[in-house]
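Take a look at the structure below.
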Amino acid sequence: AENTDYQTYKVNTNWENAAYQENPILQQYDLNFSGGNDKTKFYIGGQALDQEGILVGNSYQRYTGRLNLTNKATDFIEVGINLNFTNSINNRLSNDNAFSNPLQSVALSPITPLIDPRTGLTSGSLPGPASNFPVYYNPLLAVDNAFYKATVFRTIGKAFANVNLLKGLKFSTDFSMDNLNQNEESYYGSLTFRNTGTANGNGDNISTYVLNLNTNNFLSYNTTFGENSAFDAVLGTSYQKSTNKYSEIEATDFPSDAYKKLGSAATKVSATSSENAFSFLSYFFRGNYKYKDRYLLSFSTRIDGSSRFGESNRYGVFPAGSVGWILSEENFLQGNDKISLLKLRASYGLTGNAEIGNYSSRGLYSGTGAYGGLPGQRPLQIANPDLTWERTTQLDIGLDFGILKNRISGSFDYYQKKTTDLLLDVPIPQTSGFSVITRNLGKLENTGYEFSLNSDNLSGSFKWNTTITTA
């Protein structure tokens, strides 16, 4: 099939064009309703999307629905629910592996015909010299002989209630969830053997399940006293739990390409599954005080607990505070037509970091120690019950300014950031049977200055703004 026809342009295949669909169509339909009365308000919406991909064999469908509902049950109680549902279907021919994506056909020579004249079939098809023709695997064989389909169901919901207990005092509670169910199913038929390395088909099935649960319960209070003082505060608790489940199975040797489910395969190549979870429990307080709209004081503290740390080190206390002085509100600057804003501020706080593996503090075993057909387990990770929060203290001192009705504005900041008990994977002698252990080790300090300047050079129908930053 590869001959001198290219000299007369009799065979001059444009493989790139062959990888694209002709005139892919996008369709989208939306429908929504909203309404209500003094006590109840609602919104109901839906969307259907159907999109053909630019590459052959690619398409995407998505269906969504949304419901928002609020009801003022009494003069002091409001309840509501927000619900969002999505189902999507993503069809592809491959998972972007080398020489299996349709666009990888550009690696084929133009003198290779799309249709093999010896068989009348797509080049590389059986029967025929498919083991060495074309020179590279022809990914367009997957159009009729393979599929990769990802189906996703996702539900995001929230229920909430607000209760006005007393003047200025309100209790709020909410519960939310984010649930993801995803299934990825693929099958590569016998004609794709040069890509898969299996002569009688290859199939794979991956399932992913993720569930995130959150609940928040807090009291909020705001009041004014005297003519010049205002105070607001929040006291509450929050809880989060996340669960992730994963399973995958691969099989080969199907009776024919008419059978695409893994139960029909003669050889189950591999099977794996896993599950992990983490949770956070927090208690928090925040208070703000303002006097004469120019003197500002704020204080907050959090007590955070994480399941990722050792049982005796799961909780950390993280306080923070700030002060501010708006000089432009003082009598000696009020009415100044040049200075629009002048504010001094300072803050100091402690924060925590728990971004490690979900079970880094625990001693783990794996059930993959089978030998000679007998089940077994093996040590996987050394326990570190002393593992605790990474802590960062930060001091910020800054100045904000505005000139000429804020047409020129900017800020200057000095910061000092110190991190201790760094969470690190520390190498250990491999004679122990392990290579690393997660520990609190080391510290880090950053100090610096930041300056930014903004200007509104032109306003009106033509606008010109500039921003300059340096650090």
Side-chain angles (χ1 to χ4, degrees), residues 94-100 146 148 150 180-190 192-211 241-257 259-279 306-313 354-387 423-441:
S94 72
N95 197 21
D96 299 327
N97 295 323
F99 296 112
S100 61
Y148 191 105
L180 170 72
N181 283 279
Q182 177 172 297
N183 178 259
E184 298 172 77
E185 185 179 13
S186 63
Y187 177 78
Y188 299 92
S190 57
T192 67
F193 71 94
R194 288 183 67 185
N195 177 53
T196 62
T198 57
N200 297 308
N202 176 275
D204 194 69
N205 194 296
I206 303 173
S207 293
T208 304
Y209 171 89
V210 180
L211 177 62
K241 183 175 182 180
S242 178
T243 303
N244 189 312
K245 298 179 182 180
Y246 176 89
S247 64
E248 179 178 5
I249 184 170
E250 181 183 2
T252 61
D253 297 326
F254 290 78
S256 76
D257 289 337
Y259 298 88
K260 296 179 174 61
K261 297 300 180 180
L262 302 189
S264 302
T267 304
K268 308 302 187 288
V269 177
S270 65
T272 182
S273 64
S274 64
E275 180 178 350
N276 63 80
F278 69 87
S279 60
S306 172
S307 63
R308 293 170 172 168
F309 298 119
E311 189 170 346
S312 58
N313 296 291
E355 293 305 310
I356 55 175
N358 292 336
Y359 307 108
S360 293
S361 67
R362 303 188 182 190
L364 300 179
Y365 286 81
S366 172
T368 59
Y371 180 77
L374 298 175
Q377 61 179 343
R378 62 183 180 86
L380 186 64
Q381 178 178 281
I382 298 178
N384 183 5
D386 297 325
L387 200 63
L423 291 167
L424 297 173
D425 288 334
V426 181
I428 58 177
Q430 295 193 21
T431 53
S432 65
F434 306 91
S435 58
V436 296
I437 184 173
T438 305
R439 287 178 176 166
N440 295 104
L441 184 69

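The chain is numbered in sequence order, starting from 1. As a basis for the values below, the full set of heavy atoms in this structure was taken, side chains included, without hydrogen atoms, waters or symmetry mates. The shown structure was predicted, so the numbers you read here are calculated from the model rather than taken from an experiment.
Summarising the geometry of Phe309 relative to Leu387, their closest heavy-atom pair is CB-O, 3.4 Å, with the distance given to 0.1 Å. Across all non-hydrogen atoms, the minimal contact from Ser256 to Tyr187 is O-OH, 3.8 Å. Closest heavy-atom contact between Gly363 and Ala383: N-CB, 3.2 Å. Across all non-hydrogen atoms, the minimal contact from Ala146 to Thr192 is CB-CG2, 4.5 Å. Closest non-hydrogen pair, Ala265 versus Thr252, comes out as CB-O, 3.3 Å. What you find for Lys268 and Ala251 is that their closest heavy atoms are CD-CB, 3.9 Å.
At most 12 heavy atoms of other shown residues, nucleotides or ligands fall within 6.0 angstrom of atom NZ in Lys241. For Tyr259, the OH atom is loosely surrounded, since the number of other residues' heavy atoms within 6.0 Å does not exceed 12.
Atoms CG and OG, on Asp253 and Ser190 in that order, are 11.5 Å from each other to the nearest 0.5 Å. Separating the CD atom in Glu248 from the OG atom in Ser270 is a distance of 6.0 Å, to the nearest 0.5 Å. Separating the CD1 atom in Ile206 from the CD atom in Glu185 is a distance of 11.0 Å, to the nearest 0.5 Å. Rounding to the nearest 0.5 angstrom, the gap separating the NZ atom in Lys261 from the CG atom in Asn205 is 7.5 Å. Rounding to the nearest 0.5 Å gives a distance of 11.5 Å between CZ of Phe278 and CD1 of Ile356. The OH atom of Tyr365 sits 11.5 Å away from the CD atom of Gln381 when rounded to the nearest 0.5 Å.
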After noting the C-alpha distance and the side-chain angles of Asn440 and Leu423, does the key distance pass the side-chain contact (heavy atoms from CB on, under 4.5 Å) rule?
CA-CA 5 Å; Asn440 295 104; Leu423 291 167; 3.3 Å; yes
Given Asn200 and Phe193, is the side-chain contact (heavy atoms from CB on, under 4.5 Å) satisfied, shown in steps?
CA-CA 8 Å; Asn200 297 308; Phe193 71 94; over 6 Å; no
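In this structure, Asp257 contributes its side chain and Gly201 its backbone to no donor-acceptor pair below 3.5 Å. Of the possible polar contacts, one joining the Ser307 side chain to the Ser279 backbone as a donor-acceptor pair under 3.5 Å is found.
For the pair Ile382/Ile428, a side-chain contact is recorded, criterion being any heavy-atom separation below 4.5 Å from C-beta on. Considering only heavy atoms from C-beta on, Phe254 comes within 4.5 Å of Leu262 through its side chain.
Using a 3.5 Å distance cut-off with no hydrogens or angles, the side chains of Ser207 and Asn183 do pair a donor with an acceptor. In summary, the side chains of Asp425 and Thr438 do present a donor paired with an acceptor at a separation below 3.5 Å, with no hydrogens or angles considered. There is no side-chain donor-acceptor pair under 3.5 Å between Arg308 and Ser360.
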